[in-house]
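Because the structure is predicted, anything quoted here is derived from the model rather than measured. Along the sequence shown, the residues carry numbers beginning at 1.
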Amino acid sequence: MAEFVQQSIEEMLPELEQMERIGLFTKVETNQILKKRKALEYRMRRRTKFKEDYMQYIEYEKNVLELIKKRRKSTGIHYKKAEIDYSIVHRIHKLFRHVIARFQSDEELWLLHIRFSLQRKEKSHVSRIFAQMLQVHSKKPDLWIVAAKWEFENNKNADNARNLMQRGLRFNPTSKPLWIEYYRLELLFAEKLRKRRELLQTTGMESNESSEILDGAIAQIVYKKALEAFPGDLKFALSFLPICRLFDFMSKDEEAMIEGLETLHPCDPYLWEAKARRHLDNDQELPLEMFHKTFTEATEKVEGEEIWSLYISACFDVIEKRSPLDADSIKFNQEYERLLKLFQTASEKILLSSDLYKQWVKLLLDLGEVGQVEQILEDAVTKHPQCVSLWKQRLELMIRTNEPKEVVLKTFKRARKRVPEKESYPLWNVVLDFCTTCNFTEVENLFETGIMACREVCVPVKEIYLHWTYLKDGVKAARHLYTRLQHLKPLSLQFYKLYVHLEKSQANQKIKFLRTAYEDAVKEFGTCNAGIWIEYIKLETEHPEGNAESAAQIHFRALRCLEGEENEKFVTRHTLMQTGHLK
């Protein structure tokens, strides 16, 4: 190993001598550079190779190169670049080649090499690295797109860009982004040729490009091939339209694309959405009227909730895009009125999804129409009785508008009958918070019902019940309740921690109750939670009535109970605690 390192060092000597001779660095500085490079060379020659060693060497050489640049600028010395600067650049490229050869699967290394070459404006290097990278990472469409984009935009080579896209599609024929970007590339190329033709015409010269190519014929071939690759995928086909719309010369082709898709998918709601939204982007006198007319026609021809959802979402987008200065305008208010009417119509036809009901409620609340919201939410929970969030909104609104508690509880009981029990905890949370805040007599009956429900409900309800009992009747009542609930499994670890917290908050902490709580907790969670054992040990070591011998026994039990990573975590945390580093 030493002889290879020595050989590399000897190759660097002429470069270092030139640095010193022309006055860029002193003797001491060149010795420091040599010493650092020698250490880095030894690290690279180890039997086991690490990517970090190569990257550290590369970073050091880049820093040296940057320092040389600054020294040249400050001293005005600009000669001997071939012997010094280019020698370092060559070494960096060599290091990149070595690390990439060993870690070819790491695409970030390839991109770092490309970035360095771009900073050096070495276009030939970039093309070569891209070619090598794509041989290794041929199944990654994003890299083909990046390479083609660079060839087209930076290297000004449309043929290479097209070849890369075509090769990428051969390796990744099911990559939708590749097809879309290839389509965009061909349109950009056509636009470039059109600008070139205009320039030639101003000078009296003629372009030899065919009119078909200038009109985007190649792009349309790509589009047709893409549809053949994904037959029946309308959303994919529609993703070409926004790109096509960016180019003025493609207006006729866009119409043809829409007509073709309409033949294949006459009743698809997404096609009608695309047709309607086109009017917003066109330079028409009445774009909004055409937009609404198209969607209205769609709601008559297409069945189901989806078209209404798309129409309403599009209306929201229209309103959001309006300038704040338009907020008081008649048209702006008309859009709000039209949107509210649209919600009403969809609701009457029972074509309003639960999500749309939420949007309707939010819109009305923003407008301050609380009275209408009550009726709409009642209608919503009737049509979507299993939607938890709608029931939750209904209950919250009733509480906010000071409905009688009997009405709130009656609505809650209705909701419990309709909502799946496993999903009903958000409703329990709202009602329990309401009842405990107002101190209603029914709250204890609610708690007793809740602790007998399914796991998803009873576990958090038991925690709330314990805390409420402590606040209402004190620690003795909480102890009594804890003893009863401790036998009603399942329980959460948080339940035990809450009870421990309540006991520790007493002025006179009684260790027997704390020990009981920790014993119960480790019986339930002792095999999968290191933290509870650590807390138990801290109790015995820090409490005035604690026992060091008991702490040792708990430590022994923990090592036997805990498994896998939790066992290792316990050993680490216990060691930190013993050395005073864990509080």
Side-chain angles (χ1 to χ4, degrees), residues 48 50 422 425 447-448 450-583:
T48 304
F50 295 99
K422 290 183 178 181
Y425 175 67
F447 276 124
E448 291 297 330
I451 63 175
M452 302 307 294
C454 66
R455 181 188 187 92
E456 289 76 9
V457 174
C458 74
V459 169
V461 167
K462 287 170 186 174
E463 296 170 19
I464 301 171
Y465 194 7
L466 180 64
H467 192 241
W468 175 78
T469 302
Y470 171 76
L471 294 175
K472 180 174 176 287
D473 298 321
V475 70
K476 288 185 179 180
R479 287 169 184 161
H480 179 73
L481 180 64
Y482 169 80
T483 303
R484 184 162 69 90
L485 293 180
Q486 207 280 319
H487 298 289
L488 293 176
K489 302 299 187 319
L491 295 167
S492 66
L493 180 60
Q494 187 59 35
F495 174 81
Y496 292 105
K497 287 185 174 183
L498 174 62
Y499 178 63
V500 167
H501 174 72
L502 297 179
E503 287 290 352
K504 285 185 176 181
S505 64
Q506 302 307 304
N508 183 20
Q509 297 180 16
K510 295 187 178 181
I511 197 169
K512 67 175 183 177
F513 295 116
L514 290 167
R515 280 177 177 154
T516 301
Y518 277 118
E519 280 296 330
D520 293 338
V522 296
K523 283 177 185 176
E524 289 294 315
F525 301 97
T527 59
C528 60
N529 189 282
I532 197 67
W533 289 102
I534 294 293
E535 289 181 26
Y536 196 2
I537 292 171
K538 287 174 73 176
L539 172 71
E540 295 292 351
T541 55
E542 296 177 2
H543 196 280
E545 299 175 23
N547 190 322
E549 186 177 341
S550 297
Q553 290 175 356
I554 296 166
H555 178 264
F556 178 71
R557 288 168 57 197
L559 291 174
R560 292 183 62 185
C561 287
L562 289 167
E563 300 171 353
E565 291 183 6
E566 287 297 320
N567 193 301
E568 295 176 11
K569 191 186 294 183
F570 171 77
V571 173
T572 303
R573 294 184 67 181
H574 185 264
T575 303
L576 290 170
M577 185 176 71
Q578 292 290 88
T579 56
H581 292 89
L582 182 67
K583 296 181 180 180

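Side-chain contact between Leu502 and Leu466 is present, with at least one heavy-atom pair separated by less than 4.5 Å. Residues Tyr482 and Asp520 have side chains in contact (heavy-atom distance under 4.5 Å, counting atoms from C-beta outward). Here the side chains of Phe447 and Leu481 are not in contact, with every heavy-atom distance at 4.5 Å or above.
The number of heavy atoms from other shown groups lying within 6.0 Å of NZ (Lys504) is above 12. More than 12 heavy atoms of other residues, nucleotides or ligands shown are found within 6.0 angstrom of CZ on Arg484.
With values rounded to the nearest 0.5 angstrom, Ile554 atom CD1 is found 11.0 Å from Glu549 atom CD. With values rounded to the nearest 0.5 angstrom, Lys512 atom NZ is found 8.5 Å from Thr516 atom OG1. Remark: Leu539 CG to Ile534 CD1 distance equals 13.0 Å, nearest 0.5 Å. Residue Glu566 holds its CD atom at 12.0 Å from CD1 of Ile532, rounded to the nearest 0.5 Å. For the atom pair CE of Met577 and NE2 of His555, the computed distance is 8.0 Å after rounding to the nearest 0.5 Å. With rounding to the nearest 0.5 angstrom, the NE2 atom of His574 is 4.5 Å from the CD1 atom of Ile537.
No donor-acceptor pair under 3.5 Å is formed between the side chain of Glu540 and the backbone N or O of Gly546. Using a distance-only test at 3.5 Å, with no hydrogens or angles considered, a donor-acceptor pair links the side chain of Lys462 to the main chain of Pro490.
Using a 4.0 Å cut-off between a side-chain N of Lys or Arg and a carboxylate O of Asp or Glu, Glu519 and Arg557 qualify as a salt bridge. A salt bridge links Lys489 with Glu524: at least one charged nitrogen is closer than 4.0 Å to a carboxylate oxygen. Between Arg479 and Glu503 there is a salt bridge, with a side-chain nitrogen of the basic residue lying less than 4.0 Å from a carboxylate oxygen of the acidic one. With respect to the salt-bridge test (charged N to carboxylate O, under 4.0 angstrom), the residues Glu535 and Lys538 do not qualify.
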Exercise for review: For side-chain contact (heavy atoms from CB on, under 4.5 Å), just list the numbers for Ile451 and Glu448, CA-CA rounded to whole Å, side-chain angles, deciding distance to a tenth of an Å, and then say yes or no.
Suggested key: CA-CA 5 Å; Ile451 63 175; Glu448 291 297 330; 3.5 Å; yes
**Study point:** Working for side-chain contact (heavy atoms from CB on, under 4.5 Å), residues Val459 and Phe495
**Key:** CA-CA 8 Å; Val459 169; Phe495 174 81; over 6 Å; no
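Considering only residues two or more places apart in sequence or on other chains, Glu456 meets the side chain to side chain contact (heavy atoms under 4.5 Å, CB included) condition with Lys422, Cys454. Under the rule for a salt bridge (Lys or Arg N to Asp or Glu O under 4.0 Å), Arg455 has no partner lying at least two apart in sequence or in another chain. Not counting sequence neighbours, the partners of Cys561 by the side chain to side chain contact (heavy atoms under 4.5 Å, CB included) test are Trp533.
The shortest heavy-atom contact between Thr469 and Ala478 is CG2-N, 4.0 Å. Taking all atoms of both residues into account, the shortest heavy-atom contact from Glu545 to Ile511 is OE1-CG2, 3.4 Å. Between Asn567 and Leu562, the shortest heavy-atom contact is ND2-O, 3.1 Å. Ala551 approaches Thr541 most closely through the heavy-atom pair CB-CG2, 3.8 Å.
Between Tyr499 and Tyr470, the gap from one ring centroid to the other reaches at least 6.0 Å.
Using a 30° and 60° split on the angle between ring planes, Tyr496 and Phe525 fall in the perpendicular class, above 60°.
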